[in-house]
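Worksheet: the structure to be examined is printed underneath.
As a basis for the values below, the full set of heavy atoms in this structure was taken, side chains included, without hydrogen atoms, waters or symmetry mates.
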Amino acid sequence: MTKNRMEAFSDGVIAIIITIMVLELKAPHGTDLTALTPLVPIFLSYVLSFVFLGIYWNNHHHLLHAVAHVDGRILWANLHLLFWLSLVPFVTAWMGENQFARGPVALYGAVMLFAAIAYFILVRALLSHHGRESVLATALGVDFKGKISMVIYLVAIPLALVKWWLACALYVLVSIMWLVPDRRIEKTLVE
């Protein structure tokens, strides 16, 4: 099977997820800037989640650019990833509405962890299908950032129950790590 339908479907789902998140941002009833103050946690949650979804979309695009075809196992692995990403609007809203309370911050981290695990599974399915000598395998190498991200989430989730702000700082750290452009696939495709 070609990858085109999977890629188009994934793009559409991520676009819908972002749309759902932005629709959760409700305009205040007041007309001065102080009316925006209660929305700060909601907006910060939205920004963090938007960045994460953008990172997933970008990396998913590069990942699929390096492969020629997919099979049923890859389609299911991709749906698994999209399932966890589809929960991002819920945990984003819950965390923002409750001003970064411990439970919502911990659940946010759990969803991010399971999304990272799902992405890891998708990568493994693609590598298994295309082989160890494939362009994708060469480009990805050991995938240090992917593995360390999961470890950071594992630390942040229980930490959220004690120091929510420290857990959020770790989530931001993961997003910053991934915002630094990862050019492994692009460089490998050019060579």
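Residues Val123 and Leu126 are not in side-chain contact: their nearest non-hydrogen atoms beyond the backbone lie 4.5 Å or more apart. With contacts defined as side-chain heavy-atom distances shorter than 4.5 Å, the pair Leu48/Tyr108 qualifies. Taking 4.5 Å as the limit, every side-chain heavy atom of Tyr46 sits out of range of all side-chain heavy atoms of Ile42.
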Show me the donor-acceptor pairs, under 3.5 Å and distance only, between side chains in residues 89-101 and residues at least two apart or in other chains.
residue	atom	partner	partner atom	Å
Thr92	OG1	Ser49	OG	2.5
Thr92	OG1	Val88	O	2.6
Asn98	ND2	Trp94	O	2.9

Identify each donor-acceptor pair in which a side-chain atom of residues 163-177 lies under 3.5 Å from a protein atom, sequence neighbours left out, and give them as a table.
residue	atom	partner	partner atom	Å
Tyr171	OH	Val105	O	2.8
Tyr171	OH	Gly109	N	3.3
Ser175	OG	Val172	O	2.7

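Taking His69 as the reference, His129, His130 meet the side-chain contact (heavy atoms from CB on, under 4.5 Å) condition, with sequence neighbours excluded. By the salt bridge (charged side-chain N to carboxylate O under 4.0 Å, His left out) test, Asp71 is found to be paired with Arg73, residues two or more places apart in sequence or in another chain being considered. Residues satisfying the ring pair (Phe, Tyr, Trp, His ring centres under 6.0 Å) criterion with Phe120, sequence neighbours excluded, are absent altogether. Looking at residues two or more places apart in sequence or on another chain, you find a side-chain contact (heavy atoms from CB on, under 4.5 Å) between Pro28 and Ala35, Leu36, Leu39. For Asn4, the side-chain contact (heavy atoms from CB on, under 4.5 Å) partners two or more places apart in sequence, or in a different chain, are Thr2. Taking the ring pair (Phe, Tyr, Trp, His ring centres under 6.0 Å) definition, one finds that His60 meets it with nothing, sequence neighbours left out.
Put simply, CG on Leu85 and CD1 on Ile18 are 10.0 Å apart, with the number rounded to the nearest 0.5 Å. The distance from the CH2 atom of Trp76 to the CD1 atom of Ile121 is 14.0 Å, given to the nearest 0.5 Å. How far CZ of Phe52 is from CG of Leu179: 9.0 Å, rounded to the nearest 0.5 Å. In this structure, CG on Leu154 lies 11.0 Å from OG on Ser149, to the nearest 0.5 angstrom. Put simply, CE on Met6 and CG on Asn78 are 4.0 Å apart, with the number rounded to the nearest 0.5 Å. From Leu127, atom CG reaches atom CG of Leu122 across 9.5 Å, with rounding to the nearest 0.5 Å.
Apart from Ile20 itself, the hydrophobic cluster it occupies contains Ile16, where clustering links Ile, Leu, Val, Met, Phe, Trp and Tyr at side-chain heavy-atom distances under 4.5 Å.
In terms of heavy atoms, Ala77 sits closest to Ala125 at CB-CB, 4.3 Å. The minimum heavy-atom distance linking Ser10 with Leu82 is given by the pair OG-CD1, 3.9 Å.
Pairs of residues two or more places apart, or lying in two chains, never qualify as side chain to side chain donor-acceptor pair (under 3.5 Å) while including a residue from residues 113-122. For residues 152-161, there are no side chain to side chain donor-acceptor pair (under 3.5 Å) pairs, not counting sequence neighbours. Identified under the side chain to side chain donor-acceptor pair (under 3.5 Å) test for residues 16-41, with sequence neighbours left out: Asp32-Thr34.
With no hydrogens or angles considered, a side-chain donor-acceptor pair links His80 and Trp84 at under 3.5 Å. Residues Trp178 and Asn59 have side chains that never bring a donor and an acceptor to within less than 3.5 angstrom of each other.
No more than 12 heavy-atom neighbours from other residues, nucleotides or ligands sit within 6.0 angstrom of CG on Leu33. Around CZ of Arg5, the count of heavy atoms belonging to other residues, nucleotides or ligands within 6.0 Å does not exceed 12.
Listed for the Lys3 side chain is a donor-acceptor partner under 3.5 Å among the backbone atoms of Leu64.
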